[in-house]
Amino acid sequence: MPDTIAPETTAHRPDPRRYFEAVDAKRSRQADAPPVCLYLEVTNRCNLLCETCPRTFEALEPPKDMDWDLFTSIVDQVPGVARVVLHGVGEPMLVKSLPRMIRYLKERNIYVLFNTNGTLLGPRKHREIIDTGLDELRVSLDAAEAQSFLRVRGKDMFDRIVRNLSAFTELQQRTGAALPRVSLWLTGLKETVDELPEFVRLAARIGVREVHLQRLVFDDLGRGLARADSSLFEQTRAEEEAAIRAAQELGASLGITLDASGATEPGLSLKRAAEDAPWATCRRPWSLMYFTAHGRALPCCIAPFSARGYETYTLGDATQQTLREIWNGAAYQNFREGLLSDTPPKPCQNCGLRWSL
């Protein structure tokens, strides 16, 4: 049995809302409580070449699927974890053991979700995914029509994804399967925001009741569409704001919920956070742990997108250390201390400005 980082009692799982309130009340170098959430990058491989993703342009780590022993070792060391997210920079449905991983987590009464590009959500996978007990399935489509999808995603697979998802939701309706909760996601690009109303119509046609506008994450290298002049954040023009309003009104009429990153109202999500210290409200180093497919511990899910290379903000290695050693080790404590200062770690300096808190 690996060394565990557990709450005072594991009789019930922590309420994330109360957990975050406690984190807000006291943030210091040392985390007083274990993480409430794990992000497990079950693979860093992908079958698309998205113009908004760093892995299209750079190999962040050698290609790998997280092996079963590493997966179970991490999960078993946090017996009180409430939520596990099974994605990172790769496509989770490439992983053959994904259904087994979901079942392992659901046997422990953990809320489980992952993002997918939907290309591998074929009919033979539908029943299998439903039967795992998966709580939430997020499909990143990023366009309302095939030509835009090809430009953003790099491959002509729009129609396949729409067919896959339509068949999946139809099976849910036919069998009365309430889970997983399915949502469609659109990255907020200047190139595609005018498609948001049609994106909402598409969701209604294929039986999806939730649509999310996701803020673009970009770096300073200006590669593909992951660049400053494609971002909507703090740069929305009147016509873009009009498209968002039209999509909201259309969603209301069709019974579609439309929100944005962090479950905020779409317009609000594109406004500035804290003026002088945008990183100051971050709770992630006290509430979650992110592990790459190789077992590298990173500060959060934004980290792979916010700076080039992992070396400067790797906080531990789950193949060499216990999670207890990592969680309150020197690297994590120094990172937290920096985040609480006027000179935070470099990847965090623009957090809340360029990407969602």
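Values below: all heavy atoms of this structure, side chains included; hydrogens, waters and symmetry mates excluded.
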Considering only residues two or more places apart or on different chains, which pairs with a residue in residues 123-135 satisfy salt bridge (charged side-chain N to carboxylate O under 4.0 Å, His left out)? K106-D135, R127-D131
With a 4.0 Å cut-off on N to O distance, would you call E41 and K64 a salt bridge? no
Counting distance only, does the side-chain N/O of D156 pair as donor-acceptor with the main-chain N or O of A146 below 3.5 Å? no
Point-to-point distance, once rounded to the nearest 0.5 Å, from CG of L98 to CZ of R103: 9.5 Å
Can you give me the closest heavy-atom contact between H294 and E61, atom names plus distance? CD2-OE1, 3.4 Å
Under a 4.5 Å cut-off applied to non-hydrogen side-chain atoms, are M93 and I129 in contact? yes
How many angstroms lie between atom CZ of F199 and atom CG of L186, to the nearest 0.5 angstrom? 5.0 Å
Any side-chain heavy-atom pair from M66 and T43 closer than 4.5 angstrom? no
Name all residues meeting the side-chain contact (heavy atoms from CB on, under 4.5 Å) criterion together with T322; count only those two or more places apart in sequence or in a different chain, and write none if there are none. D3, Q77, R324, E325
To the nearest 0.5 angstrom, please state how far the CG atom of L315 sits from the OH atom of Y290. 12.5 Å
Please report the shortest heavy-atom distance between H126 and G122, naming the atom on each side. CD2-O, 3.0 Å
Which residue pairs satisfy the salt bridge (charged side-chain N to carboxylate O under 4.0 Å, His left out) criterion with at least one member in residues 88-97, sequence neighbours excluded? none
For V182, which of Q172, E210, R209 qualifies under side chain to side chain contact (heavy atoms under 4.5 Å, CB included)? Q172
Restricting to non-hydrogen atoms, name the atom on Q321 and the atom on G316 that form the minimum distance, rounded to 0.1 Å. OE1-CA, 3.3 Å
Are L250 and S253 close enough that some pair of their side-chain heavy atoms sits under 4.5 Å apart? yes
Applying ring-ring contact (aromatic ring centres under 6.0 Å, His included), name anything that partners Y39, two or more places apart in sequence or on another chain. none
Could you walk me through whether L141 and L202 pass side-chain contact (heavy atoms from CB on, under 4.5 Å), step by step? CA-CA 11 Å; L141 189 56; L202 174 64; 3.6 Å; yes
No-hydrogen, no-angle side-chain donor-acceptor test under 3.5 Å, N117 and T119: yes
Hey, mind stepping through C348 and Y313 against side-chain contact (heavy atoms from CB on, under 4.5 Å) and telling me if it holds? CA-CA 10 Å; C348 305; Y313 55 103; over 6 Å; no
Is R27 reaching over with its side chain to a backbone N or O of C282, donor-acceptor style, under 3.5 angstrom? yes
Is the shortest heavy-atom distance from the side chain of L70 to the side chain of T319 under 4.5 Å? yes
Using the rule that two of Ile, Leu, Val, Met, Phe, Trp, Tyr join whenever any of their side-chain heavy atoms come within less than 4.5 Å, decide whether L150 and V139 are in one cluster. no
Report yes if the side chains of L288 and V85 come closer than 4.5 Å at any heavy-atom pair, otherwise no. no
Please tell me if the side chains of L137 and L121 come closer than 4.5 Å, counting only heavy atoms from C-beta onward. yes
What one should report as the nearest heavy-atom pair of T175 and L171 is OG1-O, 2.7 Å
So, using side-chain contact (heavy atoms from CB on, under 4.5 Å) as the criterion, who are the partners of E136 when residues are at least two apart? Y111, L113, R138, R181
Kindly determine whether R153 and L49 satisfy side-chain contact (heavy atoms from CB on, under 4.5 Å), including the steps that lead there. CA-CA 6 Å; R153 291 289 189 159; L49 299 169; over 6 Å; no
State, yes or no, whether a side-chain contact exists between P180 and I130 at a heavy-atom distance under 4.5 Å. yes
So, does W286 use its side chain to make a donor-acceptor pair with the main chain of S28 at under 3.5 Å? yes
Distance col, row L258:CG vs S183:OG, nearest 0.5 angstrom, shows 11.5 Å
Which pair of heavy atoms, one from I206 and one from S166, lies closest together, and at what distance? CG2-OG, 2.8 Å
Considering residues at least two apart in sequence or located in another chain, which fulfil the salt bridge (Lys or Arg N to Asp or Glu O under 4.0 Å) criterion with R45? D65
Are side-chain N/O atoms of Y104 and R100 paired as donor and acceptor at under 3.5 Å? no
With rounding to the nearest 0.5 angstrom, report the CD1 to CZ distance, I326 to F291. 4.5 Å
Between F114 and H87, is the ring centroid distance below 6.0 Å? no
Rounded to the nearest 0.5 Å, what's the gap from CG on L105 to OG1 on T72? Could you check? 10.5 Å
Please report the shortest heavy-atom distance between N44 and P63, naming the atom on each side. OD1-CA, 3.2 Å
Show your reasoning for whether side-chain contact (heavy atoms from CB on, under 4.5 Å) applies to E195 and F149. CA-CA 11 Å; E195 296 182 15; F149 180 89; over 6 Å; no
Is there a side-chain contact between N47 and L120 (heavy atoms, below 4.5 Å)? yes
